[in-house]
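What follows is a short report on a single structure.
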Number of protein chains: 2
Amino acid sequence: MPRRADPERIAQKREQIAVEAGRLFAAQGYDRTSVAEVAKAVGTSPASVFYYFEDKASLFRAVFERDLPAAEALIARHVEAPDPVTAILDVLDALARDAADPSASGMLIELLRRAGDDPELLAVVGRTANVLREGLAALISRGITEGAIDPDLDATETAAWLQAIVDATYLNARPGHSPHIELHRTVLGYLNPPQGRQEEPNG
Amino acid sequence: MPRRADPERIAQKREQIAVEAGRLFAAQGYDRTSVAEVAKAVGTSPASVFYYFEDKASLFRAVFERDLPAAEALIARHVEAPDPVTAILDVLDALARDAADPSASGMLIELLRRAGDDPELLAVVGRTANVLREGLAALISRGITEGAIDPDLDATETAAWLQAIVDATYLNARPGHSPHIELHRTVLGYLNPPQGRQEEPNG
DNA sequence: GTCTATAACGAGATAGAC
DNA sequence: GTCTATCTCGTTATAGAC
């Protein structure tokens with residue numbers, strides 16, 4: 001016996017549809033997943049899905065709206081850490097954690113693809129990306145101050161580049177292969193002050 | 001006055017259609033680009049396009065079939081270079097050259113997306129990627145032998161990772177931003193023997 | 001070899017009963 | 001709130017004239 005207009009129940013159903021849609025979008029892609037399939041997976045009709053979501057695009061966006069609080073929590077957990085370089089590695093590890101999962105890889109690809117067509121989606125993921133970039137940039141700045149990171153690096157540019165490298169680990173995902181070792185070596189090699197890589201500036 | 005059954009003319013027309021299709025696929029994506037649009041762009045009819053290509057998927061593949069000879073030539077140009085590390089950087093620079101072009105970035109995404117659905121496409125790009133990976137691995141091996149690259153690295157794994165880094169430059173593409181500086185610093189920091197990054201193995 | 005015309009199909013979205 | 005039924009549109013691909 002469904003209570004009438006129960007807002008909690010509505011939110012629950014929305015969530016359920018979004019989760020099921022996310023699964024299908026990741027596995028098959030956006031265009032190749034019909035709203036009818038999503039409805040079937042959740043045990044309802046297409047019309048019902050359109051009751052909870054304005055259109056198919058907003059259904060896709062819902063999957064990524066869940067990422068923002070997670071990103072904020074991740075940064076909050078590490079921004080005050082004693083060693084900034086270790087904190088950067090921990091954040092990147094967390095971001096790359098799902099890289100081995102092929103469906104996560106598929107979802108990133110769909111995201112990159114749809115972001116060009118849907119400005120609202122771009123705004124949603126842009127907010128999440130900004131939180132991560134600013135958090136990483138703060139850690140990088142602190143690492144520079146403490147002498148652990150090359151002062152010639154621009155904190156924000158470097159943060160963006162590290163994010164791109166994490167994304168690349170998703171695109172290069174192979175089952176049973178964890179990107180952590182390569183990721184750590186890459187990041188440390190990039191951030192380190194240029195000892196050994198170049199000669200002393202003024203002999 | 002079209003000559004009848006002129007094979008050169010056929011190849012030319014195929015090429016023309018493939019080029020126009022590549023432009024549209026990169027800008028709009030595979031699913032959102034209809035064969036009718038491609039036909040219009042090339043000044044002909046959908047039926048004519050289907051005369052030159054078996055189906056839409058083979059039209060997409062044609063765009064990437066052109067990459068294999070280019071990859072082979074690129075590797076051949078650098079595999080005998082005197083300094084392997086410089087040669088690696090030159091190859092990666094060439095691969096990242098198009099990263100600033102946003103349509104090239106879009107095409108990479110469409111490729112990743114379609115490769116999961118089209119085994120023949122996967123084979124086509126797999127051949128190109130293998131040529132590049134093996135060429136890079138050969139240069140890495142030589143760099144290890146000559147002491148310029150950390151001997152703890154596996155040549156083939158490292159080559160694959162460098163390819164992923166190149167992909168990252170595409171993901172980080174912004175107008176007016178050249179990826180070369182980040183790319184060089186990343187690659188050199190990764191390949192270098194571990195001087196300065198870690199302590200002596202046995203004090 | 002290239003066209004016009006259209007077949008065959010499935011998509012997103014809506015109407016209106018209940 | 002959720003359903004059945006359907007509308008409308010665009011897609012790939014083909015048939016057949018020329």
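A, B, ... follow the sequence lines: proteins, then strands. Residue 1 opens every chain. What you see below is based on every heavy atom in this structure, not just the backbone, and it leaves out hydrogens, waters and symmetry mates. All figures in this text were calculated on a predicted structure; none of them were measured in a lab.
- The side chain of B:D55 sits closest to D:dA13 out of C:dG12, D:dA13, D:dC3.
- Across residues 36-46 of chain B, not one residue has a non-hydrogen atom less than 4.0 Å from an atom of DNA chain D.
- Here D:dT2 is the nucleotide among D:dT2, D:dT12, D:dT4 with the atom lying nearest to any side-chain atom of A:S48.
- The CG-C1' distance, from A:L59 to C:dA11, rounds to 15 Å in whole Å.
- Between D:dG1, C:dA11, C:dA13, one nucleotide has an atom nearer to the side chain of A:S34 than all others, and that is C:dA11.
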- Verdict with reasoning, B:F25 to B:K56, per side-chain contact (heavy atoms from CB on, under 4.5 Å): CA-CA 11 Å; B:F25 286 148; B:K56 193 183 175 186; 4.2 Å; yes

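- Counting to the nearest Å, the P atom of D:dG1 and the OH atom of A:Y51 are 4 Å from each other.
- B:L59 and B:A18 make their closest contact through CD1-CA, 4.4 Å (heavy atoms, listed as atom of the first residue, atom of the second, distance).
- No donor-acceptor contact under 3.5 angstrom links the side chains of A:R127 and A:N130, judged on distance only.
- More than 12 heavy atoms of other residues, nucleotides or ligands shown are found within 6.0 angstrom of CZ on B:R174.
- Atom CZ in A:F53 sits roughly 15 Å away from atom P in D:dG1 (whole-Å rounding).
- Rounded to an integer number of Å, the gap from CD of B:Q12 to C1' of C:dG1 is 15 Å.
- When rounded to the nearest whole Å, the span between CZ of A:F50 and P of D:dC7 equals 17 Å.
- We find that CD of B:E54 is positioned 9 Å from P of D:dT14, with the value rounded to whole Å.
- B:Q28 has its CD atom 14 Å from the C1' atom of D:dG10, to the nearest Å.
- B:T169 and A:W161 are not linked by any side-chain donor-acceptor pair at a separation below 3.5 angstrom, with hydrogens and angles left out of the test.
- When all heavy atoms of A:P46 and A:A36 are compared, the pair lying nearest together is CG-CA, 4.0 Å.
- Separating the CD atom of B:E8 from the P atom of C:dG1 is a distance of 14 Å, rounded to the nearest angstrom.
- Which of C:dA13, C:dA15, D:dA13 sits closest to the side chain of B:K56 comes down to D:dA13.
- For A:R185 and B:Y190, the positive end sits near the middle of the six-membered ring, less than 6.0 Å away and at most 45° from its axis.
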